[in-house]
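Chain identifiers are assigned alphabetically (A, B, ...) following the order of the sequence lines, protein sequences preceding nucleic acid strands; residue numbering begins at 1 within each chain.
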Amino acid sequence: MRIVHSHSFALAPEEAVRLQQELAAKIVPAGGPDPAEVRFVAGADASYTKGGGTISAAVVVLKVPELSIVERAWAELAVGFPYIPGLLTFREGPALLEAFGKIRAKPDVILFDGQGIAHPRGLGIASHIGLLLETPSIGVAKRLLVGQADEPGEKKGSIRPIRKNGEVIGMAVRTKDRVRPVYVSVGHRIDLERAVALVLKTARGYRLPEPTRAAHRYANEIRVRGGERDVQRTLEE
DNA sequence: GCGACAG
DNA sequence: ATCTTGTCGC
């Protein structure tokens, strides 16, 4: 994929915060592809080596509605930023972008393991990377960073709004009966309704949607085996 | 000042 | 995220 917008990630925390405030103003939390017409969905995630010195990033593209893997790419980089709540993007972003750069497909939307606009400054990793790639993106987090939501009904498909100062910033979504919900928020160029529909459409018997699960597995595989040993790469298009 | 805090 | 043993449930 082409990285449309680019900037340095080698910033001090205070500068990173200022950049987030600047980029947040460019996020378009509306529109997006019709869930019924989406053909390719990508998932992105990262894994770290034991000492925490190297980060392994993975991007996997799945065909919808089969959810079969059609392409995947990886990247390994030395960790260059500490984990600071709200600044996750500066830790995982560089490696994820390198992996996205190796993807030939043009996914209709990307699912990230983390927040979209449900973030202190409205720019979680899904919004940030989605903006740099100018591709519709969705944040699918396992825990909330900001805001609060009531518990959704116990059935898959049940939802409850995530609010912050009375404003709806995302949706708690039950992706599997009786299993803890995931927290969905708009990343970039898509509205909340479509984001929720796409997450539910790609969730198959597990709490996390398939794109995210596939990326998580691949990132762990790269971390353990080492990416250079991976000669596999499914192609299509 | 205190607590909370994506991955 | 990673570290780290057993344990409850499908």
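Classified by interplanar angle (parallel below 30°, tilted 30° to 60°, perpendicular above 60°), the ring pair A:F90/A:H128 is perpendicular.
A straight line from CZ of A:R223 to C1' of C:dC3 spans 11 Å, rounded to a whole angstrom.
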Taking protein heavy atoms under 4.0 Å as touching, what does nucleotides 2-7 of chain B look like 5' to 3' if B marks base contact, S marks sugar-phosphate-only contact and - marks none?
---BBB
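Dashed line: the shortest gap from a side-chain N or O of A:T49 to OP1 or OP2 of C:dT2 is not under 4.0 Å.
Counted by atom type alone, A:Y83 and A:E92 present zero donor-acceptor pairs between their side chains at under 3.5 Å. Checking A:S47 against A:N220 by side-chain atom types alone, a donor-acceptor pair falls below 3.5 Å.
Transitive grouping of hydrophobic side chains (ILVMFWY, heavy atoms separated by less than 4.5 Å) brings A:L97 and A:I110 into a common cluster.
Within 6.0 Å of CD in A:E193 there are 12 or fewer heavy atoms belonging to other residues, nucleotides or ligands.
Under a 4.0 Å N-O distance rule, the pair A:D45/A:R217 does not qualify as a salt bridge.
Of the candidates A:R160, A:R207, A:E151, A:K155, A:R174 forms a side-chain contact (heavy atoms from CB on, under 4.5 Å) with just one, namely A:E151. For the side-chain contact (heavy atoms from CB on, under 4.5 Å) criterion with A:R39, the lone passing option out of A:V70, A:V64, A:L62, A:D108 is A:D108.
Near-neighbour residues of DNA chain B inside residues 178-210 of chain A, defined by a heavy atom below 4.0 Å, are absent.
Here A:H128 lies out of heavy-atom contact (under 4.0 Å) with every strand.
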